[in-house]
Amino acid sequence: MTSILHKLKVIFILLGMFGAAALTPAMAQQSVADFYRGKTVEFIIGYPPGAGFDLYGRILSQFIGRHIPGTPNVVAKNMPGAASLTGLRYIAQQASKDGLTLGIFNPTLVNLSVLEPKQVDIDFASLTWLGNMSNDTKVCFSWRSTGVLTADDIKAKSLIIGGTSQGAGFVYGSILKAIFGDHIKVVLGYPSNSDVWLALERGEAQGNCTGWGVIPSMRPEWITSNKLSVFVQFAKKPSPLLPNVPLIYDMGISEEMKAAISFLTLSDSFTRPIIAPPGLPADRAKALREAFEKTMKDPDFLEQAKKSNLEIDPMDAQTLANLVEDIRKTPKSAVELAKKLSE
């Protein structure tokens with residue numbers, strides 16, 4: 001009798017093991033949906049309302065929830081400070097590693113983490129990369145009433161560039177200062193580009209450096225009223241949107257400076273990166289990446305982006321992670337010169 005009971009016990013154990021093994025894939029998928037169902041995902045935007053990152057972040061948060069298993073509610077939350085570093089630190093170092101926090105940040109911080117690792121103390125290799133929404137060509141433009149319409153005009157006059165503390169105004173304004181010397185003055189400390197643009201309209205600043213793609217959506221009247229002049233673009237070939245604007249590489253600069261500028265501008269190829277905290281469960285990270293990719297193909301999302309004049313040119317998570325790694329492995333000589341350019 002004891003022998004029969006023992007054999008039955010062994011059979012039930014084996015059946016349980018085989019049954020569990022057979023159900024594992026379905027249960028894993030179900031567990032992701034069960035986890036997210038009824039929950040709220042927080043989407044962190046590292047800038048105040050009204051700027052380009054805010055616009056991209058809000059439109060993504062509006063649609064991505066429908067593609068996450070369990071269809072959680074997604075709520076955008078602005079966490080401004082230090083050109084999105086405050087929000088990035090929260091995601092990377094403080095947010096729970098459960099998949100309920102996503103975010104968007106300024107990719108210039110990747111470059112700055114190489115230049116100033118103590119200032120940008122983020123381990124970018126550890127982040128959960130979900131993908132990138134678009135790329136953009138960085139430009140510097142002047143308010144036409146200043147009389148500075150071309151780069152040559154700067155040599156005869158001067159220009160005050162307004163910018164955020166660690167954003168495009170800092171990086172690209174510093175490059176211009178390295179080329180044009182005291183003819184360029186860079187004034188930092190604005191919370192966002194929206195604040196810089198208000199300063200332009202009030203006459204407190206005379207120019208700005210930013211991604212061109214956001215201007216048609218955020219300040220279309222500047223273009224229709226011919227209020228600004230784009231005098232340089234930081235690209236190796238002209239943007240189709242700016243075919244007649246000179247390239248920074250055509251300004252008679254040295255090969256060393258070109259290498260440094262290439263390092264500083266590499267992040268222009270992923271201008272709207274989407275991340276989650278490090279250490280997420282693998283199945284949730286996979287689900288979030290798939291949700292991002294599905295959102296980028298969602299007809300309703302694309303229609304809304306079109307109405308908002310937002311360029312959507314997505315990049316997958318692995319390609320994005322590889323580009324970040326390329327920046328982190330930039331040769332020391334280029335980094336040292338880039339440090340001098342950004343001082």
Side-chain angles (χ1 to χ4, degrees), residues 51-53 55-56 106-108 111 132-155 157 159-164 167-180 183-184 186 193-194 196-197 200-201 205-253 257-258 260-272 305-315 323 341:
F53 283 96
L55 197 57
Y56 273 91
N106 189 332
T108 301
N111 303 85
N132 175 63
M133 296 178 71
S134 73
N135 56 50
D136 201 0
T137 299
K138 291 295 192 302
V139 303
C140 291
F141 62 83
S142 59
W143 209 241
R144 291 188 71 89
S145 61
T146 63
V148 175
L149 307 182
T150 68
D152 286 337
D153 291 333
I154 298 174
K155 299 174 183 178
K157 300 182 180 182
L159 192 68
I160 300 173
I161 299 287
T164 58
F170 167 71
V171 174
Y172 302 97
S174 297
I175 292 172
L176 291 182
K177 187 170 180 60
I179 296 172
F180 295 102
H183 291 280
I184 290 288
V186 182
N193 269 339
S194 293
V196 179
W197 299 338
L200 283 170
E201 293 174 333
Q206 299 173 324
N208 181 223
C209 299
T210 189
W212 177 249
V214 75
I215 298 297
S217 60
M218 302 298 293
R219 292 295 188 273
E221 70 279 6
W222 286 2
I223 299 172
T224 57
S225 300
N226 201 28
K227 290 185 176 181
L228 53 80
S229 179
V230 183
F231 58 85
V232 65
Q233 55 182 314
F234 291 83
K236 293 184 177 179
K237 61 181 181 179
S239 164
L241 301 175
L242 302 164
N244 300 316
V245 175
L247 306 179
I248 188 68
Y249 297 99
D250 295 334
M251 289 192 169
I253 58 179
M257 184 173 284
K258 288 179 181 179
I261 292 174
S262 179
F263 159 70
L264 290 170
T265 60
L266 186 56
S267 59
D268 291 349
S269 57
F270 56 97
T271 54
R272 311 293 177 186
K306 183 178 180 181
K307 288 179 180 178
S308 301
N309 291 317
L310 297 183
E311 292 288 331
I312 301 298
D313 185 15
M315 177 186 296
L323 281 171
L341 291 180

Please report the shortest heavy-atom distance between [X] and [Y], naming the atom on each side.
X	Y	answer
R219	S194	NH2-O, 4.2 Å
G173	I161	CA-CG2, 4.5 Å
L159	Q206	CA-OE1, 3.4 Å
M315	S269	CE-O, 3.3 Å

Looking at [atom1] of [X] and [atom2] of [Y], how far apart are the two atoms once the value is rounded to the nearest 0.5 Å?
X	Y	atom1	atom2	value
L228	I223	CG	CD1	6.5 Å
N208	I160	CG	CD1	13.0 Å
E221	E201	CD	CD	6.5 Å
N135	D313	CG	CG	4.5 Å
W197	W222	CH2	CH2	6.5 Å
I154	I184	CD1	CD1	4.0 Å

### Query
What residues, two or more places apart in sequence or in another chain, satisfy salt bridge (charged side-chain N to carboxylate O under 4.0 Å, His left out) together with D152?
K155
Checking [X] side chain against [Y] main chain: does a donor-acceptor pair fall under 3.5 Å?
X	Y	answer
N111	F263	yes
D136	G213	yes
T271	D268	no
N132	R272	yes

### Task
List the steps and the verdict of side-chain contact (heavy atoms from CB on, under 4.5 Å) for T265 and K138.
CA-CA 8 Å; T265 60; K138 291 295 192 302; over 6 Å; no
### Query
Partners of E311 by side chain to side chain contact (heavy atoms under 4.5 Å, CB included), sequence neighbours excluded?
Y56
#### Entry: Non-neighbouring partners of S217 that pass side chain to side chain contact (heavy atoms under 4.5 Å, CB included), sequence neighbours left out
L55, V214, N309, L310
### Query
Would M257 and I179 count as a side-chain contact (heavy atoms from CB on, under 4.5 Å) if you check the C-alpha gap in whole Å, the side-chain angles of each, and the deciding distance to 0.1 Å?
CA-CA 10 Å; M257 184 173 284; I179 296 172; 3.9 Å; yes
### Query
With a 4.5 Å limit on heavy-atom distance, are the side chains of L176 and V232 in contact?
yes
### Summary
By side-chain hydrogen bond (donor to acceptor under 3.5 Å, both in side chains), W143 pairs with (sequence neighbours left out) none
Please table the atom pairs, donor to acceptor, closer than 3.5 Å between any side-chain atom in residues 235-253 and protein atoms at least two apart or in another chain.
{"from": "K236", "atom 1": "NZ", "to": "S262", "atom 2": "OG", "distance (Å)": "3.4"}
{"from": "S239", "atom 1": "OG", "to": "L241", "atom 2": "N", "distance (Å)": "3.1"}

### Candidate list V196, N193, T164, test side-chain contact (heavy atoms from CB on, under 4.5 Å), partner T210, passing option
N193
### Message
Suppose we screen for ring-ring contact (aromatic ring centres under 6.0 Å, His included). Which residues come up paired with F234, at least two apart in sequence or across chains?
### Response
Y172
